[in-house]
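Order of listing sets the numbers, starting from 1, for every ligand and every atom in it.
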Amino acid sequence: MAKKIHLNAFEMNCVGHIAHGLWRYPGNNRHRYTDIRYWTELARLLERGKFDALFLADVLGVYDVYKQGEETAIREAVQVPCNDPFLVVPPMALATQHLGFAVTFSTTYEKPFAHARRMSTLDHLTKGRIAWNVVTSYLPGAARNFGLDGMIRHDERYEIAEEYLDVSYKLWEGSWEDGAVVRDAERGVYADPDKVHLISHEGRYFKVPGPHLSEPSLQRTPVIYQAGSSARGRAFAAKHAEAVFLGGGSVEALRRYAGDIRRQAAACGRDPGHLKLMAGLLAIVGRTEEEACRKLADYQALYSVEGVLAHYGGGSGYDLSAYDPEDVLEYAETDHGRTAAAQFTKDSPRPKKVREVVETLGTLGGRGLFVVGTPEQVADKIEYWVEETGIDGFNVTQIVSPDTLRDFVELVVPELQRRGLFREEYEEETLRERLFGRGIRRLPEDHPGAAYRKQPTLT
Ligand SMILES: Cc1cc2nc3c(=O)[nH]c(=O)nc-3n(C[C@H](O)[C@H](O)[C@H](O)COP(=O)(O)O)c2cc1C
């Protein structure tokens, strides 16, 4: 039987997420991101399309590498203005019954104790439909906004993330026992103190005695997503992630990253089947090929190269305005995102001149899996990419809102369902069950967080 794929919508609480300049496209609703109804309408659309989840990216600073300043990012609305991704989840959860929500949150700047409660609160309110996309951030402005002079070194950010997750697992899995909450009105006992434990964490970066402030939610630990495909990022994903948003713009890079993460997961004692690997997908769909191509031409005419270069500059650390266009872009290690830095250097099949990289970036779809065509043609490419790379699904990027995702829901999803590649109905209650099967509400036994369930009382 054909492998069923997983679909997330890839979004961000801002005007210019990925398709920079397209806020000018007539009828684009992106400017409505500050209206709560924009989000509930989007959530209902995705639920109509039986999507697994809405995946919300986030950053905590302004992109200021390109042309050594923030002007371009602000003028072009490159992920600024940008609002908090957590706060749009409750209204969307109220407007839906099944759709999951994966929210990006960085382990580098805010402490784990308050974050653990925020995630437990959302897991309660969504009835087990919440996921956490674990990132370590890559913008110098974010570091400055949290009182640092500059970014913490790239690999040390992942060391902090390791301890951050340990604290989180202890709070989610090891503090409140099942059955701690008794709600015994006659005896006047809401919770049994003997079943609520300190976590007594003392580590290199965090000191958290506990106990957790939230009572156990359906999933306890939210589904753990991770996005960051550097060598250190892949090692982190192999140990912790249940779902990975892979970087890498080519089939070869995706295949290599996917294989590496699965091999490393097995080496960590995890069943590689307990990780779902997703790639970003830009799909422009028409009822006819001509219609799809006309949409592409209209979108391309408004696509902002300046905006894309500002985005790429922050992600990779490379200010392409400072290079000679005829120079070959060489890999240089920075503390920004190393997946982005590798894309046109180490991951490129041949050396690329800066001029070529700018041309590629300036072309819609230049950075990843991209398809323009009829529903059948899009489904054909989706089948091909899954077979060629071994990935399990996609984060479907919104170009024009809500057109892009509405086209995908109304035209591509039925074709995928017809081919037996995608669910026709939601069957599971929680997000983790949707990814791994009915009854699997909590972390599997082979996940490092599960170890804290077995630990003796920590008080
Ligand atoms: C596909 C993809 C999506 C990402 N999305 C975000 C994001 O929304 N916010 C963020 O701070 N970092 C994001 N990152 C970057 C990493 O998660 C992380 O911030 C890290 O510093 C850079 O990762 P890397 O060097 O392992 O690529 C993303 C990376 C990839 C590959």
Side-chain angles (χ1 to χ4, degrees), residues 8-14 16-18 54-63 78-80 82-86 102-110 131-143 145-146 151-162 164-165 224-241 243-250 253-254 256-258 260-261 264 277-282 311-312 314-318 331-347 367-369 389 391 393-397:
N8 299 320
F10 186 32
E11 258 289 6
M12 191 171 187
N13 194 354
C14 66
H17 173 209
I18 298 281
L54 170 66
F55 184 107
L56 288 162
D58 190 37
V59 289
L60 293 166
V62 179
Y63 289 72
V78 176
Q79 300 189 10
V80 64
C82 175
N83 283 346
D84 186 310
F86 284 91
V103 189
T104 295
F105 183 81
S106 176
T107 53
T108 303
Y109 301 114
E110 296 180 66
W132 170 24
N133 175 37
V134 182
V135 299
T136 68
S137 300
Y138 52 71
L139 292 173
N145 287 333
F146 286 87
M151 284 196 286
I152 294 168
R153 301 305 314 269
H154 177 276
D155 284 6
E156 185 178 6
R157 296 202 304 266
Y158 277 109
E159 295 311 311
I160 295 169
E162 292 282 355
Y164 202 108
L165 286 198
I224 301 293
Y225 271 72
Q226 186 271 352
S229 303
S230 63
R232 187 63 189 82
R234 296 199 303 272
F236 181 88
K239 181 178 175 187
H240 296 282
V244 183
F245 183 8
L246 285 172
S250 67
L254 287 170
R256 181 156 36 84
Y257 288 165
D260 181 40
I261 288 173
Q264 290 196 60
L277 305 180
M278 320 272 190
L281 169 62
L282 208 50
H311 190 168
Y312 179 72
S316 64
Y318 299 159
Y331 181 79
E333 199 147 86
T334 76
D335 284 319
H336 292 251
R338 290 186 180 164
T339 306
Q343 186 171 1
F344 299 111
T345 54
K346 288 195 297 189
D347 282 353
R367 293 198 68 185
L369 300 183
T389 62
I391 60 176
F394 301 87
N395 274 5
V396 182
T397 303

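The nearest protein atom to atom 27 (O) of ligand 1, hydrogens excluded, is given as Thr339 OG1, 2.4 Å; this is a heavy-atom distance. Nearest non-hydrogen protein atom to atom 23 (O) of ligand 1 is Tyr158 OH, 3.3 Å. In terms of protein heavy-atom proximity, atom 19 (O) of ligand 1 is nearest to Ser137 N, 3.0 Å. For atom 6 (C) of ligand 1, the nearest non-hydrogen atom of the protein is Val135 CG1, 3.9 Å. Tyr138 CD2, 3.6 Å is the protein heavy atom nearest to atom 15 (C) of ligand 1. Protein heavy atom in closest approach to atom 22 (C) of ligand 1: Gly337 CA, 3.8 Å. In this structure, atom 25 (O) of ligand 1 lies nearest to the protein heavy atom His154 NE2, 2.6 Å.
Residue His154 holds its NE2 atom at 7.5 Å from OG1 of Thr334, rounded to the nearest 0.5 Å. Glu11 CD to Asn395 CG: the interatomic distance, rounded to the nearest 0.5 Å, is 11.0 Å. Taking OG of Ser106 as the reference point, atom CZ of Arg157 lies at 8.0 Å (rounded to 0.5 Å).
Considering only non-hydrogen atoms, atom 31 (C) of ligand 1 lies nearest to Gly247 out of Ala279, Ala57, Gly368, Gly247. Across the listed options Gly233, Gly314, Ser230, Ser230 owns the non-hydrogen atom lying nearest to atom 26 (O) of ligand 1. Nearest-heavy-atom check against atom 2 (C) of ligand 1 across Gly61, Gly280, Pro85, Ala227 picks out Ala227. Evaluated by nearest non-hydrogen atom to atom 21 (O) of ligand 1, the leading choice among Asn133, Thr136, Asp58 is Thr136.
Ligand 1 has at least one atom lying under 4.0 Å from a heavy atom of Ser229.
Checked by atom type and distance alone, the side chain of Thr104 pairs as donor or acceptor with a backbone atom of Leu56 at under 3.5 Å.
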Check: What's the verdict on side chain to side chain contact (heavy atoms under 4.5 Å, CB included) for Val134 and Ile224, showing C-alpha distance, side-chain angles and the deciding distance?
Finding: CA-CA 7 Å; Val134 182; Ile224 301 293; 4.0 Å; yes
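Annotation for ligand 1: atoms under 4.0 Å from non-hydrogen atoms of Leu246 are 1 (C).
A side-chain donor from one of Asp347 and Tyr257 sits under 3.5 Å from a side-chain acceptor of the other.
Contact check on Arg232 versus Glu162 returns a salt bridge, with a Lys/Arg side-chain nitrogen under 4.0 Å from an Asp/Glu carboxylate oxygen.
Aromatic ring pairs are classed by plane angle as parallel below 30°, tilted from 30° to 60° and perpendicular above 60°; the pair Phe10 and Phe55 is perpendicular.
The only option from Leu165, Ile261, Thr136 that meets the side chain to side chain contact (heavy atoms under 4.5 Å, CB included) definition with Phe236 turns out to be Leu165.
With a heavy-atom cut-off of 4.0 Å, Arg157 touches ligand 1 through its side chain alone.
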